[in-house]
Amino acid sequence: MRGAAGSLVAQPRTVTTPAPVAQRRRERAENFPVALRLLPAELRADLHAIYGVARAIDDLGDEAAGDRLALLDGFDADLQRVWRAEPDPEHPTLRPLVGTVRRHDLPIGPFQALIEANRVDQVRSSYPTWAELRGYCALSAEPVGRLVLLVLDAATPERVALSDDVCTALQLLEHCQDVGEDRRRGRTYLPLADLRAHGVSRTDLDLPVTSYAVRRLLAAEVARAEALLASGPPLVRSLTGAGRWAVAGFVAGGFATVEALRHCDFDVLAAAPRPSRSATVRHAARLVGSRA
């Protein structure tokens with residue numbers, strides 16, 4: 001499929017249409033800025049296009065009525081049209097992706113990995129070990145970082161490895177924030193071995209009050225995520241210009257989320273804590289200005 005995308009590169013350049021209002025609202029709810037306003041318009045359009053597709057896939061896997069596996073298969077088939085000259089894809093979130101794929105010769109693999117993660121969600125509800133959850137994150141989170149690096153023309157093996165750590169950290173932090181919501185969907189993403197080690201049962205995650213044992217569990221998971229986020233500063237320092245700011249925004253969102261979780265003493269069952277914009281900006285400025 002990468003070859004098919006390459007055949008489109010020579011076509012006239014077009015700037016992807018702006019993200020619709022509903023998508024922008026979803027982006028603002030994320031822990032990190034999807035596309036900072038200070039970035040060049042074309043780069044912002046590319047990041048919005050990638051996010052829109054990733055969000056649409058997650059919505060099919062989490063919220064769609066009917067046979068979700070069949071819906072994901074249908075989206076996969078429609079996605080493949082992006083790498084063909086015709087016919088155009090039918091799903092509205094896929095149409096802006098066409099220009100991004102043409103400009104950057106993006107492969108289809110990372111997008112199909114995101115679809116596969118949502119297929120897994122339909123048949124698997126828990127992960128016995130951290131290694132197994134990390135394997136899931138390789139499908140659900142790492143592809144997004146790799147796509148961002150490809151759009152920045154910065155996807156070296158060293159940067160990809162650092163990005164994988166950052167994206168897994170962001171996914172783990174989201175699992176910590178959304179424990180209650182995930183349980184209502186019948187899923188437990190935190191490793192079951194970690195639950196047992198902290199004396200937590202799955203039903204403890206259904207309660208309206210976050211117990212001391214659950215807080216200890218979440219503190220350990222957040223520490224694990226923070227250790228993975230340590231790959232963020234060297235990744236940011238390896239980049240220049242707009243790319244440095246773009247990636248700094250993602251990493252900063254992770255550090256700000258760690259702060260938010262600790263600030264509420266890991267009380268996530270009453271309400272999911274979210275990072276403040278000011279904390280994210282502060283961390284982004286620190287990351288961009290760092291030289292060591």
Check your understanding: Do the side chains of Leu287 and Val281 join up, straight or via other hydrophobic residues, at under 4.5 Å, putting them in one cluster?
Key -> no
**Study point:** Minimum side-chain heavy-atom gap Leu269-Val209 below 4.5 Å
**Key:** no
Point to revise | Test side-chain contact (heavy atoms from CB on, under 4.5 Å) applied to Phe250 and Val144, step by step | key: CA-CA 11 Å; Phe250 292 107; Val144 177; 5.7 Å; no
**Study point:** Within-4.5 Å side-chain heavy-atom neighbours: Cys137 and Leu172
**Key:** no
**Study point:** Heavy-atom pair with the smallest gap, counting every atom of Leu94 and Pro89
**Key:** CB-CB, 3.7 Å
Exercise for review: Would you please test Gln171 and Ser140 for side chain to side chain donor-acceptor pair (under 3.5 Å) and show each step?
Suggested key: CA-CA 8 Å; Gln171 179 78 88; Ser140 67; 2.8 Å; yes
**Study point:** Shortest non-hydrogen separation from Gln80 to Gln112 and the atoms involved
**Key:** NE2-NE2, 3.9 Å
Check your understanding: Would you call the rings of His91 and Phe75 parallel, tilted or perpendicular, where under 30° means parallel and over 60° means perpendicular?
Key -> perpendicular
**Study point:** Straight-line distance of Asp121 CG to Leu139 CG, nearest 0.5 Å
**Key:** 10.0 Å
Review point. Do you know the tightest heavy-atom contact between Pro233 and Ala230?
Key: CD-O, 3.5 Å
Exercise for review: Return yes if some donor-acceptor pair links the side-chain N/O of Arg159 with the main-chain N/O of Leu149 below 3.5 Å, else return no.
Suggested key: no
**Study point:** Heavy-atom side-chain contact between Leu195 and Leu205 under 4.5 Å
**Key:** yes
Review point. Below 4.5 Å, heavy atoms only, C-beta onward: do Val98 and Arg102 meet side chain to side chain?
Key: yes
Practice item. Have a look at Cys176 and tell me which of Thr257, Leu190, Val268 forms a side-chain contact (heavy atoms from CB on, under 4.5 Å) with it. Key: Leu190
Review point. Taking 4.0 angstrom as the limit, do Arg274 and Asp178 come out as a salt bridge?
Key: yes
Point to revise | Close side-chain approach of Leu228 to Arg134, heavy-atom, < 4.5 Å | key: yes
Exercise for review: Show the numbers, then the answer: is there a side-chain contact (heavy atoms from CB on, under 4.5 Å) between Asp46 and Glu42?
Suggested key: CA-CA 6 Å; Asp46 290 334; Glu42 189 170 86; 4.2 Å; yes
Revision key, fill the gap. Closest non-hydrogen contact found for Pro128 with Arg124 is CD-NH2, 3.3 Å
Review point. For the atom pair CG (Leu72) and CD1 (Ile57), what is the distance rounded to the nearest 0.5 Å?
Key: 8.0 Å
Check your understanding: Is a side-chain N or O of Arg146 found less than 3.5 angstrom from the main chain of Ala155, in a donor-acceptor match?
Key -> no
Practice item. Supply the atom-to-atom distance Leu114 CG to Leu147 CG, rounded to the nearest 0.5 angstrom. Key: 7.0 Å
**Study point:** Set of residues satisfying side-chain contact (heavy atoms from CB on, under 4.5 Å) with respect to Pro191, sequence neighbours excluded
**Key:** Trp130, Leu133, Asp194, Glu221, Arg224
Practice item. Taking all heavy atoms of Gly249 and all of Thr280, pick out the closest pair and write down the distance. Key: O-CG2, 4.3 Å
Check your understanding: Do any N or O atoms from the side chain of Arg95 and from the backbone of Glu90 form a donor-acceptor pair under 3.5 angstrom?
Key -> yes
Exercise for review: Identify the two heavy atoms, one from Gln177 and one from Pro275, that lie closest to each other, and give their separation to 0.1 Å.
Suggested key: NE2-CD, 4.1 Å
Check your understanding: Taking atom types as modelled and ignoring hydrogens, do the side chains of Thr168 and Asp165 form a donor-acceptor contact shorter than 3.5 angstrom?
Key -> no
**Study point:** Joint cluster assignment, Val120 & Leu79, ILVMFWY side-chain distance < 4.5 Å
**Key:** yes
Check your understanding: Any side-chain heavy-atom pair from Asn118 and Asp58 closer than 4.5 angstrom?
Key -> yes
Review point. Do Arg286 and Phe255 meet the cation-pi criteria used here (NZ or CZ under 6.0 Å from the six-membered ring centre, within 45° of the axis)?
Key: yes
Review point. To the nearest 0.5 Å, how far apart are CG in Leu192 and OG in Ser201?
Key: 11.0 Å
Review point. Hey, is the main chain of Pro107 close enough, under 3.5 Å, to the side chain of Trp83 for a donor-acceptor pair?
Key: no
Exercise for review: Check whether Leu71 and Phe111 end up in the same hydrophobic cluster, where Ile, Leu, Val, Met, Phe, Trp and Tyr are linked by side-chain heavy atoms less than 4.5 Å apart.
Suggested key: yes
Point to revise | Test item: Leu173 and Leu229 side chains (from C-beta on) under 4.5 Å apart, heavy atoms | key: yes
Review point. Would you find a donor on one side and an acceptor on the other, under 3.5 Å apart, between the side chain of His283 and the backbone of Ala252?
Key: no
Review point. Does Ile115 reach the side chain of Arg119, with side-chain heavy atoms less than 4.5 Å apart?
Key: yes
Check your understanding: Would you call Glu181-Arg184 a salt bridge at under 4.0 Å N-O?
Key -> no
Practice item. Could you go through the side-chain contact (heavy atoms from CB on, under 4.5 Å) check for Arg81 and Asp88 one step at a time? Key: CA-CA 6 Å; Arg81 296 182 181 182; Asp88 291 334; over 6 Å; no
Exercise for review: First locate atom OG1 of Thr93, then atom OH of Tyr51, and finally report the distance between them rounded to the nearest 0.5 Å.
Suggested key: 11.5 Å
Study note, to complete from the structure: Value for CZ (Arg262) from CZ (Arg215), rounded to nearest 0.5 Å, stands at 15.0 Å
Exercise for review: Answer with yes or no whether the hydrophobic clustering places Leu170 together with Leu239; edges join I, L, V, M, F, W, Y residues whose side-chain heavy atoms lie under 4.5 Å apart.
Suggested key: yes
Point to revise | Derivation and outcome, side-chain contact (heavy atoms from CB on, under 4.5 Å), residues Arg237 and Arg244 | key: CA-CA 7 Å; Arg237 288 194 298 269; Arg244 188 167 190 166; 3.8 Å; yes
